Amino acid sequence: MACNLECRVHPVVLFAIVDSYERRNEDAKRVIGTLLGSYDKNAVEVTNCFAVPHNESEDEVAADLEYARNMFELHKKVNSAEVIVGWYSTGPDVSEHSVLIHEYYSRESKNPVHMTVDTTLRGSKMGIKAYISTSLGVPGKTVGTMFTPVPVEIISYVPEKVGVNMIQLGKFNAKRSVSMVKDLTQVDKACGQLQEKLSMVLEFVEDVLSGRVPADTTIGRFLMDLVSNVPQIEKEEFEAMLNSSMKDLLMVVYLANLTRTQLALNEKLSIMS
Amino acid sequence: MAAKRSTSSLVQSVQIDGLVVLKIVKHCQEEGSGGSDLVQGVLLGLVMDNRLEITNCFPFPKRTEEEDFDEVHYQMEMMRNLRKVNIDHLHVGWYQSTYFGAFINKPLLDSQFNYQNSIEESVVLIYDPLRTTQGFLALKAYRLTKAMMDFYVKMDFSPEAVKSADISFESMFEEIPVTIKNSHLVNALCCEIEDHMSKDQTFNYMDLATSSMLEKNLRLLMECVDEISMDANKFLNFQRQFQKQQQSKQQYLQKRQQENAQRQIRGEEPLPEEDINKLFKPLQPPARLDSLLIAGQIDNYCGQIGEFASQSFGKLFMAESLQDSASNS
């Protein structure tokens, strides 16, 4: 019972949970599903999930466990390193029925994590919480279980971060969509981001200089690093480097265009013959 | 449900859910071993107006040595299970990862043709994990053009067929614009995630080092050019042989006629007409499909190089201005 267990979630899982919540049946108030991932020393890394159909009413809860097992088998075929690490449910709280479901999952995995995603947006936040069950009670007498919260951290692979950033661009768009942009505009955007950051830093420096904000030595050191990172190269040397790089690129572009023209000619000739 | 299904030219754009993007990225990351292995999966969704909406996807297991794996069974099981949780279970296409843009080849053509044959609107999403790691999501949607579909059905790739169908390497695939769309709840999730996610954006999309990318691209390009030159040589050889054969046929016919004329003069019977085809076996014209594919691939590489070069130029100019200001201050 690792008390310092930490739960690391990939954004994929959260997106999938929200999606399954949106697709729930008419009468269901919440959805549950299995979490897949891997154990790693003191942390559980959740990398995948799938929804499990279930029915819930005041007194009883029934989940399609056959389905859960089936889906797990199918997923295992694709990625055999993923094991069941827990289960999720949408909705703000942990209910009594959760204990039953948690018991089932304890059979499948050694220390299942229960994750809740608050899709009702209580407190205008979509709370993402994780729990593990700890037994409490006086030894010898009836033992109960309690859900103890576990810290949640959202991590991702580098390409996943890129994907999430791309998706987040659509947040403030009226149509909630973002289209793929040409590459040069991407560099342009990155440049714009850099400019923003630089202006923030400039503002801070101005504030410090005019005494509005107390100076902070660590930030000062970072700034020093930043400024000294621009390499001090002789002007001629730098020009030479720049020119040679540009010449390389130009040559490659020329060759590529030449190849293209050659191809087009080839087509026309072979059609003519 | 008897909606009138118009031709596939009705699908003008592809709309992908954020979830699908992330799933594809994750799958390629975990299984692709850095992008050199091919990773494939199925796209699910529906067609709305003139958009193809892709709402979910699931990966295909890698083809391992044990052949006791039934792909069709896996697909059916997956779709049946997804239907139970109300996920769209209509097949609308498939996705594949690529290595430096080298995806225009026969297997892709075959698969896409099969898909488009059964489902008119299907597309193939090509995802480039290496370029995405550099900072920008590289996801494109392609589809075979109608002309290409008709042409492929006939399975006849001789030069005459290509000429009559008027297929060039540019009219094989068409690219369809892609947009990413999210629901409101997912947007709320995005806001939430933004707070949580670590802010260390160490992307190297500002990276000035261009040589490795260029080198690899060029090497692949050279290989393709070699292939196409071999193919062109084969075609030339065939043409030459064809010409020679034609010539010898003519000669033979002439000789025949002369002999027949002589025999008539002498009063003998003319020699029987022999089947000319038995004497000169007709040469098989080489299939032009491979050359089309390779040409398309070269075209793709060139396009990629151009894009990459334009990005690098931008970065170089920025570095120049930074250096100027640094040296001036």
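Just so you know, these numbers come straight off a predicted model, no measurement behind them. Throughout, a chain's letter reflects where its sequence line sits, starting with A, and its residues are numbered from 1.
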So do [Y] and [X] actually touch side chain to side chain, heavy atoms under 4.5 Å?
X: B:Ile298; Y: A:Gln262; result: no
X: A:Val78; Y: B:Phe58; result: no
X: A:Met246; Y: B:Phe317; result: yes

Of all of [options], which one pairs up most often with chain B through heavy atoms under 4.5 Å apart?
options: A:Val252, A:Asn257, A:Val31; result: A:Val252
options: A:Val117, A:Thr259, A:Leu14; result: A:Leu14
options: A:Val253, A:Asn70, A:Leu242; result: A:Leu242
options: A:Glu82, A:His10, A:Glu73; result: A:Glu82

Less than 4.5 Å to any heavy atom of chain B: does that hold for the side chain of [X], its backbone, both, or neither?
X: A:Tyr21; value: side chain
X: A:Asp64; value: side chain
X: A:Glu66; value: neither
X: A:Leu250; value: both

So, taking the atom named [atom1] in [X] and the one named [atom2] in [Y], what distance separates them when rounded to the nearest 0.5 Å?
X: B:Leu218; Y: A:Leu255; atom1: CG; atom2: CG; answer: 7.5 Å
X: A:Asn48; Y: B:His27; atom1: CG; atom2: NE2; answer: 10.0 Å
X: B:Met78; Y: A:Lys77; atom1: CE; atom2: NZ; answer: 9.5 Å

With B:Phe313 via ring-ring contact (aromatic ring centres under 6.0 Å, His included) - residues at least two apart
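Once residues adjacent in sequence are excluded, B:Phe313 has no partner under the ring-ring contact (aromatic ring centres under 6.0 Å, His included) criterion.
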For A:Val12 and B:Lys23, which heavy atoms make the closest approach, and how far apart are they?
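Taking every non-hydrogen atom into account, CG2-N, 4.0 Å.
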Check B:Cys302 against A:Ala256 and note the closest heavy-atom contact, atom names and distance.
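Here B:Cys302 and A:Ala256 meet closest at SG-O, 3.4 Å.
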Pick from B:Asn86, B:Asn81, B:Val85: which one makes a side-chain contact (heavy atoms from CB on, under 4.5 Å) with A:Pro53?
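Option passing the side-chain contact (heavy atoms from CB on, under 4.5 Å) with A:Pro53: B:Val85.
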Checking heavy atoms, do the side chain of [X], its backbone, both or neither come under 4.5 Å from chain A?
X: B:Tyr127; result: side chain
X: B:Leu19; result: both
X: B:Pro59; result: both

May I ask you to name which of B:Ile24, B:Ile87, B:Asn56, B:Asp17 has the most heavy-atom pairs under 4.5 Å with chain A?
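Most heavy-atom pairs within the cutoff with chain A belong to B:Ile87.
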Not counting sequence neighbours, which residues clear side-chain hydrogen bond (donor to acceptor under 3.5 Å, both in side chains) with A:His75? List them please.
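Applying side-chain hydrogen bond (donor to acceptor under 3.5 Å, both in side chains) to A:His75 gives none.
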